[in-house]
Amino acid sequence: MVVTRFAPSPTGKLHLGGARTALFNFLFARKNKGKFILRIEDTDKERSKKEFEEDIKNSLLWLNIEFDSFFRQSERIETYKELIKKLQSEGKVYKCFCTKEELEAQKLEQISQGIAPRYSGRCSKLTKEEISFFERTRSYVFRIKVEPQKLEINDLIKGKVIFDTLLIGDFIIAKSEEEPLFNFATPVDDALMGISHVIRGEDHLSNTPKQIIVLKSLNMPIPQYAHLPMILSKDYSKLSKRHGATSISELKEEGFLPEAIINFILLLGWHESSDREIYSLNEAIEAFSLERIQKKPAVFNEKKLIWFNRYYLLRKSPSEILSLTYKDFKEKYNFQDESYILKIINLAKERASTLKELIENSFYFFEEPDYKPELLIWNKAPSTAIKEFLEKTLNVLEGIEEKEFNPEKIKLELSKLSPNDLGLVFWPFRVALTGLEASPGPFEIASILGKERTIQRVKKAIEKLS
RNA sequence: GCCCCCAUCGUCUAGUGGCUAGGACACCGCUCUUUCAAGGCGGAAACACCGGUUCGACUCCGGUUGGGGGCGCCA
């Protein structure tokens with residue numbers, strides 16, 4: 001039975017890297033008809049925040065990455081406590097009374113000697129008398145005894161990796177009975193929850209031997225490990241807030257679609273042998289395999305994310321987009337005629353990269369555009385000529401009956417004004433309606449705006465040139 | 001400093017001893033066209049370096065260089 005988990009600490013919003021880890025765990029579980037668990041690793045009371053837990057959950061669900069069960073480590077303290085006690089009674093874990101200052105000095109000393117910093121094991125050799133004395137005078141933490149050995153890990157992505165536990169030393173598994181640390185709580189939960197495959201970021205590779213040591217001390221089963229390469233920013237540094245919106249909730253705000261994000265992160269470090277690039281979630285489940293995961297870090301390329309977003313946006317029906325944007329349209333423009341918005345969407349979706357852009361770029365459907373008179377000038381034509389053509393345009397528009405005020409009719413009639421240089425009529429007309437250098441075609445816009453407002457805007461343009 | 005991982009166009013990647021080194025994004029042309037998109041067509045663009053192994057290396061081995069990750073009473 002395949003059981004995977006995504007185990008974030010709620011110390012920040014869900015980022016692209018985390019989302020990809022969650023996705024891969026989810027895909028692998030679904031592909032193998034197994035289970036996928038979300039486990040919040042909130043043992044660090046200072047840094048963990050409920051709001052981040054919410055953000056992670058909501059983001060996952062928004063992406064359609066559904067988990068089968070949910071756990072919170074802060075609710076499992078008793079379990080860890082018992083296990084610490086058990087290990088202590090077996091002599092595998094001991095109390096360490098060294099102060100932070102002592103430890104720091106030791107570490108600096110070791111680094112200056114060019115050796116890997118590690119704990120000396122001093123407190124493991126304390127006598128009963130010394131222990132009881134220190135218990136009354138000092139605070140302590142729990143360390144686990146680490147036998148020197150070459151620990152071999154068969155990582156499903158990296159292959160065989162060997163660690164020398166001599167370089168690790170006795171490490172701390174808990175700050176107190178009630179405060180287990182990551183490298184203890186994580187492997188314990190993995191074992192207790194029947195996790196078969198631990199799929200996580202490469203930053204955890206060096207934690208793996210420690211976690212295996214814990215598991216071995218506890219006689220608990222060791223899962224398979226698969227360490228994903230990191231996702232880097234364009235400057236090859238670790239992905240962070242500095243590099244723009246990389247949290248899922250921010251991307252959502254920016255108007256990205258979940259299917260675009262899924263498709264994008266899927267291809268960040270994973271690829272089939274084919275040239276295929278477009279995957280729905282279900283198709284991804286079908287195609288996914290750990291073997292095809294890349295070993296080297298991938299650089300996050302926002303342009304491609306935008307491309308995917310446009311791809312999926314282009315393929316959505318206007319009514320689907322309406323349901324995704326209606327609320328925002330309504331709020332931004334204080335307007336709620338669905339059929340009107342639907343027409344706008346139909347026209348604007350081809351030009352927008354994101355939902356947000358679609359909404360913002362459609363402002364001229366809701367308010368009078370403001371622009372410089374010079375923008376009306378087409379191809380260096382004299383402004384008197386432009387004005388003349390705008391007046392002719394006005395005339396033609398007024399002559400079209402309300403019920404015939406559609407793109408085809410408007411275009412047909414206006415084309416007659418300057419058949420040899422259509423831009424002379426079309427360009428100023430379009431600017432009059434939008435105030436923009438670039439926009440959808442004027443006929444569609446006019447027809448959505450309606451005869452009255454169209455005429456009004458053309459009149460205003462004429463005024464600008466007077 | 002020490003440990004671990006990695007290395008094909010700018011980016012994401014295909015490639016598992018013999019290929020004109022393929023695709024996608026981005027970029028640049030052309031086309032369409034009132035503008036901008038979208039579409040169509042085309043272009044430029046990569047095997048980090050040095051040694052081996054081999055009839056033959058992008059592919060295998062070693063080293064160099066470069067990049068990434070880790071070395072917490074964080075996760």
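All chains are named by letter (A, B, ...) in the order of the sequence lines, taking the proteins before the strands, and each is independently numbered beginning at 1.
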Check for me whether the distance between the ring centres of A:Phe97 and A:Tyr140 falls short of 6.0 Å. yes
Find the distance A:Leu268:CG to B:rA14:P and express it as a whole number of Å. 13 Å
What contact category does A:Ile162 fall into here, base, sugar-phosphate, or nothing, at under 4.0 angstrom with non-hydrogen atoms? sugar-phosphate
Examine B:rA14: is either OP1 or OP2 under 4.0 Å from a nitrogen or oxygen in the side chain of A:Arg292? Give yes or no. yes
Nucleotide B:rA26, atom C1' - distance to CZ of A:Phe300 in whole Å: 14 Å
What is the per-nucleotide protein-contact pattern of nucleotides 64-75 of chain B, from the 5' end, where B denotes a base atom under 4.0 Å from a protein heavy atom, S denotes such proximity for sugar-phosphate atoms only, and - denotes neither? ---SBSSSSBBB
Nearest-Å distance, NZ (A:Lys303) to P (B:rG10)? 15 Å
Pairwise P distance, B:rC61 and B:rC5 [rounded to whole Å]: 14 Å
Just checking, any donor-acceptor pair under 3.5 angstrom between side chains of A:Gln73 and A:Asp42? no
Salt bridge flag under 4.0 Å for residues A:Glu179 and A:Lys45: yes
Using the P atom on both, measure B:rC47 against B:rC6 and round to a whole Å. 22 Å
Is it true that the side chains of A:Thr208 and A:His227 contain a donor and an acceptor less than 3.5 Å apart? yes
What string of B, S and - do you get for nucleotides 34-50 of chain B, 5' to 3', if B is base contact, S is sugar-phosphate-only contact and - is no contact with any protein heavy atom under 4.0 Å? BBBBS------------
Cation-pi between A:Arg276 and A:Tyr279: NZ/CZ under 6.0 Å from ring centre and within 45° of the ring axis? yes
Rounded distance in Å between the P positions of B:rC12 and B:rC3: 28 Å
In whole angstrom, give me the gap between the C1' atoms of B:rU31 and B:rA37. 15 Å
Gap in Å between the two P atoms, one belonging to B:rC32 and one to B:rA24, rounded: 24 Å
To the nearest angstrom, the CD-P distance between A:Gln106 and B:rC2 comes to 19 Å
Side-chain contact check for A:Val299: nearest option of B:rC12, B:rG15, B:rG22 is B:rC12
Pi-cation contact, A:Phe71 with A:Arg76 (under 6.0 Å, within 45°): yes
Complementary nucleotide of B:rA48, counting Watson-Crick and G-U pairs under 3.5 Å: B:rU64
Answer yes or no on whether A:Arg143 is positioned over the face of A:Phe171, meaning its NZ or CZ is under 6.0 Å from the six-membered ring centre and within 45° of the axis. no
If you take atom types as modelled and just measure distance, does the side chain of A:Lys304 reach the base of B:rA26 with a donor-acceptor pair under 3.5 Å? no
note: A:Tyr279, atom OH; B:rU13, atom P; distance rounded to Å ~ 13 Å
State the pairing partner of B:rG29; accept Watson-Crick or G-U wobble contacts with both distances under 3.5 Å, and report none otherwise. B:rC41
Counting only Watson-Crick or G-U wobble pairs whose two distances fall under 3.5 Å, which nucleotide matches B:rU53? none
In terms of side-chain geometry, is the basic nitrogen of A:Glu152 or A:Lys150 positioned less than 4.0 Å from the acidic oxygen of its partner? no
Take atom CD of A:Glu437 as the centre, draw a 6.0 Å sphere, and report whether it contains more than 12 heavy atoms from other residues, nucleotides or ligands. no
Check whether any side-chain nitrogen or oxygen of A:Lys296 sits under 4.0 Å from OP1 or OP2 of B:rA7, and answer yes or no. no
What is the distance, to the nearest angstrom, from the CZ atom on A:Phe264 to the C1' atom on B:rA26? 13 Å
With a 4.0 Å cut-off on N to O distance, would you call A:Lys464 and A:Asp370 a salt bridge? yes
Send over the distance from A:Ile293 CD1 to B:rA14 P, rounded to a whole Å. 12 Å
Complementary nucleotide for B:rC2 - Watson-Crick or wobble, under 3.5 Å: B:rG70
Could you measure between the two C1' atoms, the one in B:rG43 and the one in B:rC4, and give it in whole Å? 43 Å
Both A:Asp275 and A:Phe163 contact RNA chain B. Which one's nearest nucleotide lies toward the 5' end? A:Phe163
If we take the C1' atom in both B:rU65 and B:rC49, what is their distance in whole Å? 7 Å
A:Gln294 has an atom CD; how far is it from atom P of B:rU13, in whole Å? 5 Å
Lys/Arg-Asp/Glu bridge criterion (N-O < 4.0 Å) met for A:Lys95, A:Glu135: yes
Say we look at B:rA46 and B:rG39: how far apart would their P atoms be, to the nearest angstrom? 26 Å
